[in-house]
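Lettering of chains follows the sequences in order, A, B, ..., and the numbering in each one begins at 1.
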There are 2 protein chains.
Amino acid sequence: MNLKTLAENLGLSQTTVSRALNGYPEVSEATRQRVQDAAVRFNYRPNSRAKGLATGRSMVVAQIVPGSSEHEMVNPIFGDFVGGATEALARFGYDMMITRVLEDDQDKIYRELHARGAVDGVILQGPSVEDARIPLLNDIGMPYIVHGRSTGMTAPYSWVDVNNRRSFRRATQFLTDLGHRRIGLINGLEYMDFAHRRRQGYCEALEAVGVAEDPALLCSADMTEGYGYRETRRMLALDNPPTAILSASMLSAIGIRRAIQDCGLVMGRDVSVITHDDDLSYLRNGEDIPIFTATRSSVRAAGAILAEQLISLIAEPDHAPIQHMLEAELVVGASTGPAPRRT
Amino acid sequence: MNLKTLAENLGLSQTTVSRALNGYPEVSEATRQRVQDAAVRFNYRPNSRAKGLATGRSMVVAQIVPGSSEHEMVNPIFGDFVGGATEALARFGYDMMITRVLEDDQDKIYRELHARGAVDGVILQGPSVEDARIPLLNDIGMPYIVHGRSTGMTAPYSWVDVNNRRSFRRATQFLTDLGHRRIGLINGLEYMDFAHRRRQGYCEALEAVGVAEDPALLCSADMTEGYGYRETRRMLALDNPPTAILSASMLSAIGIRRAIQDCGLVMGRDVSVITHDDDLSYLRNGEDIPIFTATRSSVRAAGAILAEQLISLIAEPDHAPIQHMLEAELVVGASTGPAPRRT
DNA sequence: TTGAAAGCGCTACCAG
DNA sequence: CTGGTAGCGCTTTCAA
């Protein structure tokens, strides 16, 4: 069923039917009612492509996920983010498209996406420090919003980010307040902006108590379970091992927990661990480990916020750049946490 | 830059330019070369919507993710699956769209997706036992492929699935061979087909050694970390606790590990655990816990397989239903595993 | 308040 | 081998 046959069935012109369906005011209420009823009855849906061709808009937003041959990893919270964004977009009539772009042909793909008119705007994931995609998108002139920021970027750009630096400063400070001085940081890849900022926050907090950073307590890589495991074992085998560990992800935290256990130590007694975590409910009672809440629901919410901001950028082409900071929650268990066992 | 202006620039008709670009044989090589060069020079890309309108195909495949208000969870491997599918689709010129559909308005959304002509086919995620979406899609007549199967479905349908029943039968048998008789199953929601099949496999293996299933050792829910934790603690507090636990997910496995630790027990000595897991590299040496490999790379591969199968269904409308079974690997650590401590 | 008609950018049929 | 032209299904002037 298309507009034409619907109009014929109603004995009206395509114009009138189109207007009635799209809420134009110059249609009589009686006609509109009649048209809407018929549309429902015939299960009519306007063809997206035809509509897009006529209006010049695709009503599609792409989510661009960087990928390289070395770092195939997809963040496990990706699904939650997409879920939140998809729902928000759907409320405004937008569809969501996923594009995975390999590092080498970024330029090509972005320009193509725009030239093809396939999307009205994009969400940029996983920005690196001085991310080249930002000036590229500015150049192309396609609406976009960055999930995260890009240190060193001079050009203005729109972003929504979690305050990673502050989060890690607070988490580290939480540990130094308890007396910890040997604190390990199992960080993500530090060319990624979020990891870069986390490290900054960590270093600031150490500096505040006059502790110099120790390279042996720092590491940076793809945040896998095995990575968390290996680095934790390595650190715990040091002559002067850490009394606390800061983990950058849920996944590496699994490895950290196993490593601690395999060393015959008890987490929360021998080694404090602060990590991003999800389901807090079972940790609230008598648990002495503070956790960052990068919960599924907060990630979903972030997805929705980005989607909404992007839509406003699409609607108003010369909207001022959006800068939206989200604060992560630091949840601390009931007990105060352990004193460091070794100093 | 559109076809018209490109053609004008070349002093050719749109027809010829279109043919040259789309590889039609009736164009002279010289012309084709000239056209292709110009296309590159002007950075010309055909408009997706116009092309779609003209050809009647959208070159878009949707991935439909079920969601309900109760079960907001998105599987953490979702991102990997999407990554694999997206790349495979891109090789064939398809884009990937994500649609999250809430339970109540499934019918509406699927019909709309089809009527709008927004997509050429869909990938169905998370089928339940007797999933109503399958007959619906058959009825609508849209090409689709199910990731998983649907027990009780009489109508023929295309699917790609992991052999969950066999995997869990083998895993359980692995434990019974070691002498375990009290084996807990921390399962996903059993209206989901994969969880249903896993339970079947588990029960079959128990039956083979004459053990009746004990409701106290079975549970079924959304596979969160907290769920794994709570159920493990509950089971370990039984008068006759399990000596081994089978976990259905990476996430719940985290909770299981913590619970075992919190009970003052050692995993792999006091309690054996078999779980789906990701990064095996650090578990291979001296590890006494067998694991299923639902690795990131195998999930990516599955995504690619589904995408390719769907494309062949789209290309050949009356292709026979596809039935493609994937076997999960069972990796066993170097040591043979513990004997049960309590029987 | 309604309708006719001209596109949107492309493909594909039919002539030449 | 090349070109004219009629759509694909919709929106959007411009007239009535």
Side-chain angles (χ1 to χ4, degrees), chain A residues 1-36 38-39 42-60 93-95 112-120 315, chain B residues 1-36 38-39 42-60 93-95 111-120:
Chain A
M1 171 66 59
N2 57 18
L3 231 209
K4 191 177 173 192
T5 59
L6 180 61
E8 283 168 357
N9 269 295
L10 282 160
L12 286 168
S13 72
Q14 292 189 38
T15 315
T16 304
V17 175
S18 169
R19 279 199 279 241
L21 257 22
N22 290 303
Y24 282 68
E26 63 268 63
V27 179
S28 78
E29 259 324 301
T31 313
R32 188 189 306 280
Q33 227 10 283
R34 206 158 68 86
V35 172
Q36 281 174 344
F42 291 117
N43 198 30
Y44 167 77
R45 308 275 171 212
N47 181 296
S48 311
R49 295 187 302 274
K51 193 163 186 160
L53 186 54
T55 57
R57 294 181 309 154
S58 62
M59 298 307 278
V60 173
Y94 279 84
D95 283 325
E112 175 171 323
L113 224 43
H114 186 245
R116 272 169 52 199
V119 302
D120 293 339
Chain B
M1 171 66 57
N2 57 19
L3 230 210
K4 192 178 172 190
T5 59
L6 179 61
E8 283 167 358
N9 269 294
L10 282 160
L12 287 169
S13 72
Q14 291 189 40
T15 313
T16 304
V17 176
S18 170
R19 280 199 277 240
L21 258 22
N22 289 302
Y24 282 68
E26 62 267 65
V27 180
S28 78
E29 257 326 300
T31 314
R32 188 190 305 282
Q33 223 15 278
R34 206 159 66 84
V35 171
Q36 281 174 344
F42 292 118
N43 198 31
Y44 166 77
R45 308 274 171 214
N47 180 296
S48 311
R49 295 187 302 274
K51 192 163 186 159
L53 229 206
T55 56
R57 293 181 310 154
S58 62
M59 299 307 278
V60 173
Y94 279 84
D95 283 325
R111 289 188 188 282
E112 176 172 324
L113 223 45
H114 186 246
R116 274 169 53 202
V119 302
D120 294 339

Could you tell me how far apart B:Gln14 (CD) and D:dA6 (C1') are, to the nearest whole angstrom? 13 Å

Please report, rounded to the nearest Å, how far the P atom of D:dC10 is from the NZ atom of B:Lys51. 22 Å

Take atom CG of B:Leu3 and atom P of D:dG4, then tell me their distance rounded to the nearest Å. 14 Å

Would you check if the side chain of A:Ser58 reaches a backbone N or O of A:Gly52 as a donor-acceptor pair within less than 3.5 Å? no

Between A:Tyr24 and D:dT11, is there a contact of a side-chain N or O with OP1 or OP2 at under 4.0 Å? no

When rounded to whole Å, the CZ to P distance for the pair A:Arg57 and D:dC10 reads 16 Å

What is the distance from CE of B:Met1 to P of C:dC10, rounded to the nearest Å? 10 Å

How close or far is atom C1' of D:dT11 from atom CG of B:Leu53, stated in whole angstroms? 12 Å

How many Å lie between CG on B:Leu6 and C1' on C:dT11, as a whole number? 15 Å

Which angle, rounded to 10°, do you find between the first-five-pair axis and the last-five-pair axis of the helix from C:dT1-D:dA16 to C:dG16-D:dC1? 40°

With heavy atoms under 4.0 Å as the rule, sort A:Arg49 into base, sugar-phosphate or nothing. nothing

So does A:Thr16 get a side-chain nitrogen or oxygen closer than 4.0 Å to the phosphate oxygens (OP1/OP2) of C:dT2? no

Under-4.0 Å side-chain N/O to phosphate OP1/OP2 contact, A:Ser18 with D:dC10: no

Can you say whether a donor on the side chain of A:Arg19 sits under 3.5 Å from an acceptor on the base of C:dG3, or the other way round? yes

How many Å lie between NZ on A:Lys4 and C1' on C:dA4, as a whole number? 14 Å

Got a donor-acceptor pair under 3.5 Å from the side chain of B:Thr15 to the base of C:dA12? yes

